[in-house]
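Just follow the structure's listing: the first ligand is 1, and inside any ligand the first atom is 1. Just so you know, residue 1 is the first one in the sequence shown, and it goes up from there.
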Amino acid sequence: MYALTLDFEARKVTPAEAPPPVLERDDEVLFRVLEVGLCGTDRSLVRFEKGRPPASGTSMVVGHEALGRVERVGPAVDGLAPGDLVVPVIRRRCPGPCANCDRGRSDLCLTGRFTERGIHGADGYFCEFAVDAARHLVRVPAALESSAVLLEPMSVVEKSLDAAFRAYEGEPRNAVVIGAGAIGILTALALRVRGLAVSVKSLEDEDTPRVGLLRRCGVEYLRGTAPSADLIFEASGANESAFEAVKLLAPCGVAIILGAMNGKGEFPFRDLVLGNRKVIGIVNAPRPFFEAAIEDLRRFEPQAVDGLIERRRRRHAVESLHSPPPPQAVKLVHTLED
Ligand SMILES: [Zn+2]
Ligand SMILES: [Zn+2]
């Protein structure tokens, strides 16, 4: 079968022929991959800035934002049947001992020795067929087929919102999201459906489709200085934005950092202390947040969600991975059709 493979020795990404996977255990599910979303993580993988191949070799199939259709299930699988749509949860527990992996929260792994399909030490899903244990697959309602590829990034948004609302003392009224990529826009839409006043701050021109989409959904768009807010989400990946996020916090505010890298700048510890402000880092999300993401995708305006996705065929994938994201597409998705 076709598999888009990252070769860690030759340091390149190429379409390759791989043996199709087979069911080896009773609790496993074989599914046909329908489409795969690409994100900044995939672009860093093809630059070999992160990731590692499975222990058994020097290459790894890429792709961690997948949607599939079940083809076959093992005899011990309950609740999934051929024809069902599924989205995989990508992180797998560490060998332990690890109290958080033991309680099903590998997203909070304490040892760092977890694997992630398509990122760290395990093959991903940019291939025609894949197998997973049923517990790693989230069943998606058929009505969400056209947007379900967003569930993996959306699960991280759900975990962020959960962390922010739990950490905030009282009822937050307003939020600023820094960055208008997929995570930033999905965060803004999820905050809007929860009734907050939301502004997105980014560098895009005012007349781009994504700014129009945000405004239609009642989100304010800013290119200049953002106001202070109860909740701030850094979703741009730039360390300057993370410093800005912390500085914009209203008293008792909570900043969620989603993408920033380490960098130099002034961190306002004094303001943090005197204003009871909090800063939280978030990565990866477990199954319950995929289920919360399904509920939110249902609440979003279908046109807004469709407007986020641009689909391409798989033959364009290598080019997509080596190019910056196109300005018109918030989420670039490749189908497995050639
Ligand atoms: Zn991703
Ligand atoms: Zn662990």
Side-chain donor-acceptor contact under 3.5 Å, R92 with S106: no
Residues which pass ring-ring contact (aromatic ring centres under 6.0 Å, His included) with F8, listed by chain and number, not counting sequence neighbours: F48
Salt bridge flag under 4.0 Å for residues K159 and D162: no
Environment of the Zn ion (ligand 2) in terms of protein N/O/S atoms, cut-off under 2.8 Å: C94 SG, C98 SG, C101 SG, C109 SG
Pairs meeting criterion ring pair (Phe, Tyr, Trp, His ring centres under 6.0 Å) with involvement of residues 192-241, two or more places apart: none
Parallel, tilted or perpendicular, as decided by the 30° and 60° cut-offs, for the rings of H120 and F114: perpendicular
Distance-only side-chain donor-acceptor flag, S320 / H334, under 3.5 Å: yes
Check: S236/E234 side-chain N/O donor and acceptor closer than 3.5 Å: yes
K278/E169 ion pair, N-O < 4.0 Å: yes
Distance filter under 2.8 Å, centred on the Zn ion (ligand 1) - protein N, O or S atoms that pass it: C39 SG, H64 NE2, E65 OE2
Value rounded to 0.5 Å, distance of CG in L336 from CG in L34: 8.0 Å
